[in-house]
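Note on naming: letters A, B, ... go to the chains in the order of the sequence lines (proteins, then strands), and numbering restarts at 1 for each one.
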Amino acid sequence: MNQTDPAAQELPSAYSPKAVEDKWYSLWESCGLFTPQRTDAPPYTIVIPPPNVTGILHMGHALNNTIQDILIRWKRMAGAPALWVPGTDHAGIATQNVVEKKLAREKKTRFDLGREKFVEEVWRWKKEYGSTIVRQLRKLGSSCDWSRERFTMDEGLSRAVRHAFVRLYEDGLIYQGHRIINWCPRCQTALSDEEAPYQEVEGKLYYYHYLSKDPATGALVKDEKIIIATTRPETMLGDTALAVNPKDRRYKKLEGKEIYLPLQDRRLAFIKDPLIDPKFGTGIVKVTPAHDPNDFVMGERHRLASINVLHPDARVNENGAPYQGLDRFEARKRILADLKEKGLFVKEEPHRHKVPHCYRCHTVVEPYLSKQWFVRMKPLAEKALQAQEEKRIRFYPQRWTKVYLHWLNNIQDWCISRQIWWGHQIPVWFCGSCQKPYASVTDLTSCPSCHGADLKQDPDVLDTWFSSWLWPFSTLGWPDDTADLKYFYPTSALATAQEIIFFWVARMIMAGLYFMKEVPFRDVYIHGTVRTDSGQKMSKSLGNAIDPLELISEIGADALRFSIVMLTASGQDAYLSKEKFELGRNFTNKIWNAARFSFSNLKDFRALQPGFLPPLKGLGVVDRWIVSRLEHVIREVDGALAAYRFNDAASALYHFFWHDFCDWYLELSKPVFYGEDRPAKEKTSAVLLFVLETYLRLLHPFMPFLAEELWQKLRAYYRDTQSMPESILTAAWPGFERKKVSAPAEFEMGLMQQAIGGIRDLRAKLNIPPAKPIEAVVRVADPGLLEKIGRFDAAIRHLARLESLSIVTEFERRPTHLSNVFKEMEIFVRVEGVVDLAAERARILKKIEEVSKLLDQLAHRLSNADFISRAPEEVVEKERARQTELQKILGDLKDNLALFESVR
RNA sequence: GGGCGAAUAGCUCAGUUGGUUAGAGCGCUUCCCUUACAAGGAAGAGGUCUGAGGUUCGAAUCCUCAUUCGCCCACCA
């Protein structure tokens, strides 16, 4: 990429991201930098949680994709062929709703168009608007391999869906059955249990009488003994029995009585079932097998008839005469009124309860008896449980493992058919002559058994998640055994929100194990939900959302990325407000200005190539200190990323740059740059360049644009740029080098900072004008520190604006050479020997002793055969992990000790 | 009804297997437009770490109980 003339580097004093971001993104993309090559090295793979084609980028996406991009850019720099597979989800119901709404504006319904035309219409919509979110992901800086972009209804994935279906069908894991399912009367389709979440509503519990036959007259009369309680009176039209608990003695006398349904005067059965809770309501329950899951179970058990009383749109059907044609809630009102009129109504009570709602349109879902396709989940779940036991998948934070296991252990069969038109049509054909169903990967035109041509494909489509659960391998070419699939599967990490652990994560694991015989990913990172600062879930419909794109145009993608990562503690929900993003905006500007300052002082300095650093021994304490601090940051960032602690990594980057590099190192470099000592200038220039260049590489995964912009400008300061990668994107990730850590330099620097802080504090307290030079006395606690702090004489005088500085120990009297002017306010600053080097050394020795002792204990325990065989596996493994951890710590401590001794 | 998370500075939150003086951002107070940055610099105030017990040489951290929020799961009609 282009070389920059240092003379031309007159940069504006405020960072403006606009000019920078689009330029670099299109360059990266056009140079193919997001597309990894398959090599011998182990790859690093992430598949994107495919956003809905109807989606527009919200803060949740911003967080989710920033995290993935950080991981991918980090691993790419670390040398792995890093693949991030992007794509979108066809989002069956959601997309169909959008297009139906559009039709409604033209006063049309999908039925006016017919299935074929309607699906064409949705495709047209997809072509026009479906790439919105994909463009927006680019704005965020997501370094996806767009050459591998997929859509859950593209040709390849449709083929994968059919293969998966047929395979499960042939293995007997897919079946069709009459069941009570969740039915959305507005979308007019079945929903899976996960798609019908319970929401608490303020409802009512209605009490009323049923009828029995008067033994004398034979007439149907109100039975004083029979009162039931229900929240949905309208379902009584489908009642076929009353039920009590077998242990409930109160209702013994009801046995043998002829019981009738009010309003319709239909005869009902009387049953006993343990499902009934005697304590709820009156202990008598109306049984409606066609409209309640529990009642359905009882109905099967007691061979009751089931009467469906609702049309698919939740209007009462012919079985519910005389209420036929009424909407379910209207029917409820009328039925209650009629019960009152007949004197059967007893009372109503307020009743808070939870009712399932459609997750797309929030309509109250109706339990509805219908014929649907199901996947038998038990066998799939067993494999997933086993994989978890073998620790082939890890959740971060760990606590989600439990949530996931609980779901697997209580798994229900998955209703996969939907009565909508947009989606993968179920690949089953029914033969008109022999009536048999056939599942097939290719379209059937004649019956495989009777060869008749009267075939009809099942009209339903599959649940959207039936295509997304194949995503980690279908996007890589499955069912074909492609080179991509061989190389990149299983993927490395999945980053997603907690809301879709069941919908998606768990099912992907099951599908991966079933179809690929291998887990789809090793690590699952579950991040929090983005909320407003008052705790509401951020959503467009609530009107409380911060639009990430607007924010990007104001402060830039880098600032957004950095803020959101810094503000989101690992796995916790993020409470955001617009002001909070100033954090990142200010930081980008700080980096920009620090770079400006560096450029103007480096002037015509040239290092041979990046990574050049003068010999450590020849460097002063300040230089060794900043290099040492940088090493700490490298280690912290690396460790934090490996543990999915992104906010830790971000704060390490933030703190180092702002409070070490800018506040101290750059300030201390000023006297050097403004002075005349040429060798000193050379050294400081070299160190400054080294630190800046290394830091930009560390920063790149978090702030890709700014890092690239500044890194490219650094090219001007090297003589050999041939060896420099074209883009920071492919530059090497900084590696931790223990030999660059200098505990003594950090210690001495700490002394200096303490002295300067003390003087500044006194200055402020005594109201001495900042520009006024003063004389100060620094008193140190330990005579051994006298010489150490004396080395900083010039620096302290510079940063604390002193005219003169005396350093004394506690035992000396105060010096007499202070001028008369300041006699009355002579400044005393006491520098506590934070710890003396000797004390620090002693501390390390003690720690080594402690750790060694612990290690001995552990080794002893782990060599005990009894312990190994008896203790739970987890405990043993934990102890082993602790052992390696402690060994690492011991190594570090010993290195540190060696350092102390080498410096003395 | 089960399960999970949270309670730390005025606000929003960090605090990684228990360890010197509990941190950050924002806000606040004082001073400073000092030749990178006022989107900045220097200094400062502000904390009985929700409460009560317990374990320990040592607890914000571990255990028990309580209180208050939030989330998830479940067939209470």
Trainee: Would you indicate what A/Ser651 reaches in the nucleic acid, counting non-hydrogen atoms under 4.0 angstrom: base, sugar-phosphate, or nothing?
Mentor: nothing
Trainee: Hey, is the side chain of A/His351 poking within less than 4.0 Å of OP1 or OP2 on B/A77, counting only N and O atoms?
Mentor: yes
Trainee: Under a 3.5 Å cut-off for both distances, is B/A77 Watson-Crick or wobble paired, and to whom?
Mentor: none
Trainee: Measure the distance from CG on A/Asp761 to C1' on B/A43 and round it to the nearest whole Å.
Mentor: 6 Å
Trainee: Suppose we call a contact any N or O donor and acceptor under 3.5 Å apart; does that hold for the side chain of A/Lys590 and the base of B/C37?
Mentor: yes
Trainee: How is A/Asp277 classified with respect to the nucleic acid when contacts are heavy atoms under 4.0 Å: base, sugar-phosphate, or nothing?
Mentor: base
Trainee: With sugar-phosphate meaning primed atoms plus P, OP1 and OP2, does A/His353 contact a base, only sugar-phosphate, or nothing at under 4.0 Å between heavy atoms?
Mentor: sugar-phosphate
Trainee: Taking the same atom, C1', in B/U55 and in B/U64, what whole-Å distance lies between them?
Mentor: 11 Å
Trainee: Using the closest heavy atom to pick a nucleotide of RNA chain B for each, name whichever of A/Leu666 or A/Arg760 lands nearer the 5' end.
Mentor: A/Leu666
Trainee: Taking the side chain of A/Trp658 as its heavy atoms from C-beta onward, which of B/G41, B/U16, B/C73 lies nearest to it?
Mentor: B/G41
Trainee: What nucleotide among B/A36, B/C4, B/A74 has an atom nearest to a side-chain atom of A/Lys354?
Mentor: B/A74
Trainee: What contact category does A/His659 fall into here, base, sugar-phosphate, or nothing, at under 4.0 angstrom with non-hydrogen atoms?
Mentor: sugar-phosphate
Trainee: Taking atom C1' of B/G5 as reference, at what distance in whole Å does atom CD1 of A/Ile501 sit?
Mentor: 13 Å
Trainee: According to the Watson-Crick and G-U wobble definitions, with both distances under 3.5 Å, which nucleotide is paired to B/C28?
Mentor: B/G44
Trainee: Side chain of A/Leu583 only, heavy atoms from C-beta on: which candidate in B/C75, B/G25, B/A14 is closest?
Mentor: B/G25
Trainee: So, OP1 or OP2 of B/C37: does either fall under 4.0 Å of a side-chain N or O from A/Asn586?
Mentor: no
Trainee: Considering only the P atoms, how many Å lie between B/A42 and B/G27, rounded to the nearest integer?
Mentor: 16 Å
Trainee: Nearest to the side chain of A/Thr230, which nucleotide is it out of B/A77, B/C37, B/U16?
Mentor: B/A77
Trainee: Can you identify which nucleotide, out of B/U16, B/C75, B/A36, has its nearest atom closest to the A/Leu275 side chain?
Mentor: B/C75
Trainee: Could you check how far NZ of A/Lys286 sits from P of B/A77, rounded to whole Å?
Mentor: 12 Å
Trainee: So, do A/Tyr368 and A/Trp183 have ring centers that fall under 6.0 Å from each other?
Mentor: yes
Trainee: Checking side chain to side chain contact (heavy atoms under 4.5 Å, CB included) between A/Asn245 and each of A/Asp277, A/Ile276, A/Asp273, which is the one that passes?
Mentor: A/Ile276
Trainee: For B/A36, does the base pair up with any side-chain atom of A/Glu667 as donor and acceptor (N or O, under 3.5 Å, distance only)?
Mentor: yes
Trainee: Report the distance from atom CD of A/Glu499 to atom P of B/G5, rounded to the nearest whole Å.
Mentor: 17 Å
Trainee: Write down the distance separating the C1' atoms in B/G40 and B/U34, rounded off to the nearest Å.
Mentor: 12 Å
Trainee: Could you check, using the six-membered ring where one of them is a Trp, whether A/Phe702 and A/Phe587 have ring centers closer than 6.0 angstrom?
Mentor: no
Trainee: B/G3, B/U16, B/C75: which one has an atom nearest the side-chain heavy atoms of A/Lys402?
Mentor: B/G3
Trainee: When you compare B/G44 with B/A22, how far apart are their P atoms, in angstrom units rounded to a whole number?
Mentor: 15 Å
Trainee: Working note: A/Lys603 + A/Ser685, criterion side-chain hydrogen bond (donor to acceptor under 3.5 Å, both in side chains); need CA distance, chi angles, decisive distance, verdict.
Mentor: CA-CA 9 Å; A/Lys603 287 187 194 114; A/Ser685 299; over 6 Å; no
Trainee: Quote, to the nearest angstrom, the P distance that separates B/G5 from B/A14.
Mentor: 14 Å
Trainee: Establish, for the pair A/Lys590 and A/Phe661, whether the NZ or CZ atom is under 6.0 angstrom from the six-membered ring centre and no further than 45 degrees off its axis.
Mentor: no
Trainee: Just N and O in the side chain of A/Arg585: are any of them under 4.0 Å from OP1 or OP2 of B/C26?
Mentor: no
Trainee: Would you mind pulling out the nucleotide paired to B/U16, Watson-Crick or G-U wobble, both distances under 3.5 Å?
Mentor: none
Trainee: Between B/G23 and B/U16, how far apart are the C1' atoms? Round to whole Å, please.
Mentor: 15 Å
Trainee: Determine the Euclidean distance between corresponding C1' atoms of B/G19 and B/A6; express it in Å to zero decimal places.
Mentor: 26 Å
Trainee: Return no unless some side-chain N or O of A/Lys580 is found under 4.0 Å from OP1 or OP2 of B/C11.
Mentor: no
Trainee: Verify the contact: side-chain N or O of A/Tyr198 to OP1 or OP2 of B/C71, cut-off strictly under 4.0 Å; return yes or no.
Mentor: no
Trainee: Look through every strand shown and name the nucleotide pairing with B/U34 as Watson-Crick or G-U wobble, where both distances are under 3.5 Å.
Mentor: none
Trainee: With a 3.5 Å distance limit and no angle check, can you tell me whether A/Arg250 reaches the backbone of A/Pro278 through a side-chain donor-acceptor pair?
Mentor: yes
Trainee: Using a 4.0 Å heavy-atom cut-off across all strands, classify A/Phe587 as base, sugar-phosphate, or nothing.
Mentor: nothing
Trainee: In whole Å, I'd like the distance from the CD atom of A/Glu579 to the C1' atom of B/G27.
Mentor: 12 Å
Trainee: Counting heavy atoms from C-beta on, name the nucleotide in B/C72, B/C4, B/C37 closest to the side chain of A/Arg596.
Mentor: B/C37
Trainee: Whole Å only: how far is the CZ atom of A/Phe646 from the P atom of B/U16?
Mentor: 19 Å
Trainee: Determine, using ring centers only, whether A/Trp400 and A/Tyr404 are less than 6.0 Å apart.
Mentor: no
Trainee: Which sits closer to the 5' end of RNA chain B, A/Asn601 or A/Gly283, going by the nucleotide each is nearest to?
Mentor: A/Asn601
Trainee: Whom does B/G53 pair with, Watson-Crick or G-U wobble, provided both distances fall under 3.5 Å?
Mentor: B/C63
Trainee: Whole Å only: how far is the CD1 atom of A/Ile411 from the C1' atom of B/C73?
Mentor: 13 Å
Trainee: Report which part of the nucleic acid A/Val285 touches: base, sugar-phosphate, or nothing (heavy-atom distance under 4.0 Å, all strands).
Mentor: base
Trainee: Does A/Tyr210 have its ring centroid less than 6.0 Å away from the ring centroid of A/Phe270?
Mentor: no
Trainee: How many angstroms lie between CD1 in A/Ile591 and OH in A/Tyr15, if you round to the nearest 0.5 Å?
Mentor: 9.0 Å
Trainee: From B/A77, B/C37, B/U16, pick the nucleotide closest to the side chain of A/Asn593?
Mentor: B/C37
Trainee: Between B/A43 and B/A24, how far apart are the two P atoms, rounded to whole Å?
Mentor: 12 Å
Trainee: Go through B/G5, B/A36, B/A42 for me and flag the one nearest to the A/Asp663 side chain.
Mentor: B/A42
Trainee: Could you please name the partner base of B/C4, counting Watson-Crick and G-U wobble pairs only when both distances are under 3.5 Å?
Mentor: B/G70
Trainee: Calculate the interatomic distance between A/Trp664 atom CH2 and B/A36 atom C1'; express it in whole Å.
Mentor: 18 Å
